[in-house]
S.K.: 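Input: one structure, supplied below.
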Amino acid sequence: MKTGDHIKTTAELSQLGISASTIYRRVERGRLIKLRHGVYVDAAIWNEFSTFQRCYAHHVAVAKSHPRSVLSHESAEMMYDISLLNLPDKVHISSATYGIKSRENLRVHGCSSDVLERTWWIEDARVTSPLDTLIDCAKSLPHKDAVCVADQFLHRGLVDRAVVQSSILGLRGPGALRAGRVVERMSAHAESVAETLVRVLLYDWNMEMPIEQGEVLTSAGARYRPDFIWEHLRLILEVDGEVKYSGKYGKPEDVIRAEHRRQRELERDGWKIIRVRWGEITKTPWTLRQELMKSGVKVRQAS
């Protein structure tokens, strides 16, 4: 059962034969958790939820308590199962009317009727379309967070790059310049948030940009697709996300053996491989910059 399936309104509990007085008693005794006015979750299930699931549950509760509004911005992003650098600290909703006011844990945005007509439904929650969500995040989120969102929507085929580009470049007013920078740096090639963060760092350092997910054919006849390639330097940068060794792609030991075999083949053909992991990207990125520069990657001249 999905997280959202556990979030019930008073009407939904009534359909299950649970009266208003029973709801009140269960809340009083700690058996039900009240998430919003008229929206609840079983306490035993709530106690099993992860931090992400609890945040998700609060979003579903808001969606159910404000049926004429839609989840938007990073709240909509989360509903699309996009990997987040940070969980939303507020629930973001958009509405064409001004009957709802922002408060401590709720941020209300205005939107046009066109936005409401393009909404999607995910787990009983009405959310802004992928394109509208991407644009909202590009205008409002910190740059690296926004590029991560754009990359994932592009990589999963939820939006078309040309449509995103024309939509954002046509923006005017607050957030337009910020969104324009996202368009310049977004890519459909990134297969992880870690890869996106590395590309953002390369842009920030003004370094010559590599080919992403390009194909390399070894003398042994194997075809590989490294994360980043500087062909003229025979240099490869591989971004090792923790998920690679989690068992998702097979036994960790098998993944590591295949990785070592691939590296040996590439090195025999004259390629240099630099590997970087999440902790280095987020905590000591300057060590990657130094290693790239030692390997011949140049800083571009400011135009």
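These numbers come from the heavy atoms of this one structure, side chains and all, not from hydrogens, waters or symmetry mates.
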S.K.: Please examine the side chains of S295 and L235, heavy atoms only from C-beta on, and report whether any two atoms are closer than 4.5 Å.
M.R.: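 Side chain of L235 against side chain of S295, heavy atoms only: contact under 4.5 Å found.
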S.K.: Would you compute the distance between atom CD of E184 and atom OH of Y203 and round it to the nearest 0.5 angstrom?
M.R.: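 Reported value, rounded in 0.5 Å steps: 8.0 Å.
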S.K.: Same cluster or not: are V200 and W205 linked, directly or through other Ile, Leu, Val, Met, Phe, Trp or Tyr residues, by side-chain heavy atoms under 4.5 angstrom apart?
M.R.: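 Looking at the clustering, W205 is in a separate group from V200.
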S.K.: Checking side-chain contact (heavy atoms from CB on, under 4.5 Å) for the pair V164/S167: CA distance, chi angles, key distance, verdict?
M.R.: CA-CA 5 Å; V164 173; S167 299; 5.9 Å; no
S.K.: Run the side-chain contact (heavy atoms from CB on, under 4.5 Å) check on R289 and V297 step by step: do they pass?
M.R.: CA-CA 9 Å; R289 184 177 187 272; V297 181; over 6 Å; no
S.K.: How many angstroms lie between atom CD of Q152 and atom CD of E77, to the nearest 0.5 angstrom?
M.R.: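 It is 7.5 Å, given to the nearest 0.5 Å.
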S.K.: How long is the gap from CG on L32 to NZ on K34, to the nearest 0.5 Å?
M.R.: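 These two atoms lie 11.5 Å from each other.
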S.K.: If I compare all heavy atoms of I33 with all of A43, which pair ends up nearest, and what's the gap?
M.R.: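 Residues I33 and A43, closest heavy atoms: CG1-CA, 3.8 Å.
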S.K.: With the side chain counted from C-beta on, respond yes when L292 and L288 share a heavy-atom pair under 4.5 Å apart, and no when they do not.
M.R.: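 Yes; the side chains approach each other to less than 4.5 Å.
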S.K.: Give a yes or no answer on whether the side chain of R225 reaches the backbone of E212 with a donor-acceptor pair at less than 3.5 Å.
M.R.: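 Checked: no pair found.
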S.K.: Any luck finding a side-chain donor-acceptor pair between R54 and T51 under 3.5 Å?
M.R.: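 There is no such pair between these side chains.
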S.K.: Can Y80 and F153 be said to form a ring pair (Phe, Tyr, Trp, His ring centres under 6.0 Å), step by step?
M.R.: CA-CA 9 Å; Y80 282 108; F153 274 121; 5.5 Å; yes
S.K.: Any heavy-atom pair between the side chains of Y40 and L13 that's under 4.5 Å?
M.R.: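 Yes. Closest side-chain heavy atoms under 4.5 Å.
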S.K.: Does CZ belonging to R31 count more than 12 external heavy atoms closer than 6.0 Å?
M.R.: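 Not buried by this count: 12 neighbours or fewer within 6.0 Å.
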S.K.: Does atom NE2 of H37 have more than 12 heavy-atom neighbours from other groups under 6.0 Å away?
M.R.: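 No, not enclosed.
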S.K.: Given side chains that start at C-beta, do those of R199 and V147 come closer than 4.5 Å, heavy atoms only?
M.R.: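 Sidechains of V147 and R199: in contact.
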S.K.: Using every non-hydrogen atom in the two residues, find where E195 and Q213 come nearest and quote the distance to one decimal.
M.R.: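 Shortest heavy-atom contact: OE1-NE2, 3.2 Å.
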S.K.: When rounded to the nearest 0.5 angstrom, what distance separates CD1 in I274 from OG1 in T287?
M.R.: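 Rounded to the nearest 0.5 Å, the CD1-OG1 separation comes out at 10.5 Å.
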S.K.: Which pair of heavy atoms, one from A190 and one from T196, lies closest together, and at what distance?
M.R.: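 So the two residues come closest at CB-OG1, 3.5 Å.
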S.K.: Judged by atom type as modelled, is there a donor-acceptor pair below 3.5 Å linking the side chain of D269 to the main-chain atoms of S219?
M.R.: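 Such a contact is found between D269 side chain and S219 backbone.
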S.K.: Are any side-chain N or O atoms of T22 and backbone N or O atoms of I18, one a donor and one an acceptor, separated by less than 3.5 Å?
M.R.: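 Not confirmed, T22 side chain does not pair with I18 backbone.
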S.K.: Would you say the side-chain atoms of T3 pair up with the backbone N or O of Q53, donor to acceptor, closer than 3.5 Å?
M.R.: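 Side chain of T3 to backbone of Q53: no pair is present.
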S.K.: Between A57 and L35, which heavy-atom pair has the shortest distance, and what is it?
M.R.: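 Heavy atoms only, the tightest pair is O-CD1, 4.0 Å.
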S.K.: Check S83 against V193 and note the closest heavy-atom contact, atom names and distance.
M.R.: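 Taking S83 first and V193 second, the nearest heavy atoms are CB-CG2, 3.6 Å.
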S.K.: Check for a donor-acceptor pair, side chain of E208 on one end and backbone N or O of K298 on the other, with a separation under 3.5 Å.
M.R.: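 It does hold such a pair.
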S.K.: Examine L154 and I168 and state if one hydrophobic cluster contains both, with Ile, Leu, Val, Met, Phe, Trp and Tyr joined whenever side-chain heavy atoms are less than 4.5 Å apart.
M.R.: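 Yes, because L154 and I168 connect within a single hydrophobic cluster, where side-chain heavy atoms sit under 4.5 Å apart.
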S.K.: Would you find a donor on one side and an acceptor on the other, under 3.5 Å apart, between the side chain of R126 and the backbone of L116?
M.R.: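 Checking the backbone N and O of L116 against the side chain of R126, a donor-acceptor pair under 3.5 Å is found.
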S.K.: Do the side chains of E215 and R223 get close enough for a salt bridge, i.e. N-O under 4.0 angstrom?
M.R.: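 Looking at R223 together with E215, the answer is yes, because their closest N to O distance falls below 4.0 Å.
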S.K.: Sorted by first residue and then second, give each side-chain hydrogen bond (donor to acceptor under 3.5 Å, both in side chains) pair with at least one member in residues 64-75; sequence neighbours left out.
M.R.: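 side-chain hydrogen bond (donor to acceptor under 3.5 Å, both in side chains) check on residues 64-75 returns E12-K64, H59-S75, S72-S94, E74-H92.
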S.K.: Just so I know, are the side chains of E191 and H155 near enough to count as touching, which here means a heavy-atom distance under 4.5 Å?
M.R.: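 Side chain of E191 against side chain of H155, heavy atoms only: contact under 4.5 Å found.
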S.K.: Honestly curious: do I135 and V182 fall in one hydrophobic cluster under the side-chain, below-4.5 Å linking rule?
M.R.: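 Each belongs to a different hydrophobic cluster.
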S.K.: Between SG of C55 and CG of N86, what distance do you get to the nearest 0.5 Å?
M.R.: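 C55 atom SG to N86 atom CG measures 11.0 Å (nearest 0.5 Å).
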S.K.: Would you please test W230 and L237 for side-chain contact (heavy atoms from CB on, under 4.5 Å) and show each step?
M.R.: CA-CA 8 Å; W230 287 267; L237 173 60; 3.8 Å; yes
S.K.: Check Q263, E265, R262 against Y224 for a side-chain hydrogen bond (donor to acceptor under 3.5 Å, both in side chains) and give me the one that passes.
M.R.: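 The option that passes is E265.
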S.K.: Same cluster or not: V149 versus Y56, using hydrophobic residues (I, L, V, M, F, W, Y) connected whenever any side-chain heavy atoms lie under 4.5 Å apart?
M.R.: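 Yes; Y56 is reachable from V149 via cluster members.
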S.K.: Please report the closest heavy-atom contact between L201 and P285, naming both atoms and the distance.
M.R.: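 Residues L201 and P285, closest heavy atoms: CD1-CB, 3.9 Å.
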S.K.: Using modelled atom types and a 3.5 Å cut-off, is there a donor and acceptor pairing between side-chain atoms of N105 and backbone atoms of K90?
M.R.: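 Not confirmed, N105 side chain does not pair with K90 backbone.
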S.K.: So that I can tick it off, tell me whether R185 and D204 are bridged by a salt bridge, with the cut-off set at under 4.0 angstrom between side-chain N and carboxylate O.
M.R.: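 Yes, this pair counts.
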S.K.: Can you list every pair that meets salt bridge (Lys or Arg N to Asp or Glu O under 4.0 Å) and has a residue in residues 132-146, with sequence neighbours left out?
M.R.: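 Residue pairs with at least one partner in residues 132-146: R118-D132.
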S.K.: Is there side-chain contact between T119 and S129, with at least one heavy-atom pair below 4.5 Å?
M.R.: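 T119 vs S129: side chains apart.
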S.K.: Taking T282 for the side chain and W278 for the main chain, is one N or O donor matched with an acceptor at less than 3.5 Å?
M.R.: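 Judged by distance alone, yes, a pair lies under 3.5 Å.
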S.K.: Could you check whether any side-chain N or O of R275 sits under 3.5 Å from a backbone N or O of E238, counting only pairs where one atom can act as donor and the other as acceptor?
M.R.: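 No, the answer is negative, given that no donor and acceptor are paired below the 3.5 Å cut-off.
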S.K.: Before accepting this row, confirm whether a basic side-chain N of the pair K272/E267 lies closer than 4.0 Å to the acidic partner's carboxylate O.
M.R.: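 Looking at K272 and E267, the cut-off is not met.
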S.K.: If I take atom CG from residue D89 and atom CD from residue E104, how far apart are they, to the nearest 0.5 angstrom?
M.R.: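 With rounding to 0.5 Å, CG (D89) is 10.5 Å from CD (E104).
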S.K.: Consider only side-chain heavy atoms of I, L, V, M, F, W and Y, link residues closer than 4.5 Å, and tell whether I82 and I93 are in one cluster.
M.R.: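 Yes, I82 connects to I93 through the hydrophobic network.
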S.K.: Between E280 (side chain only) and R277 (backbone N and O only), is there a donor and an acceptor less than 3.5 Å apart?
M.R.: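 Looks like yes, one N/O pair under 3.5 Å.
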S.K.: Going through the distances and angles, do L106 and V62 end up as a side-chain contact (heavy atoms from CB on, under 4.5 Å)?
M.R.: CA-CA 9 Å; L106 181 68; V62 169; 3.9 Å; yes
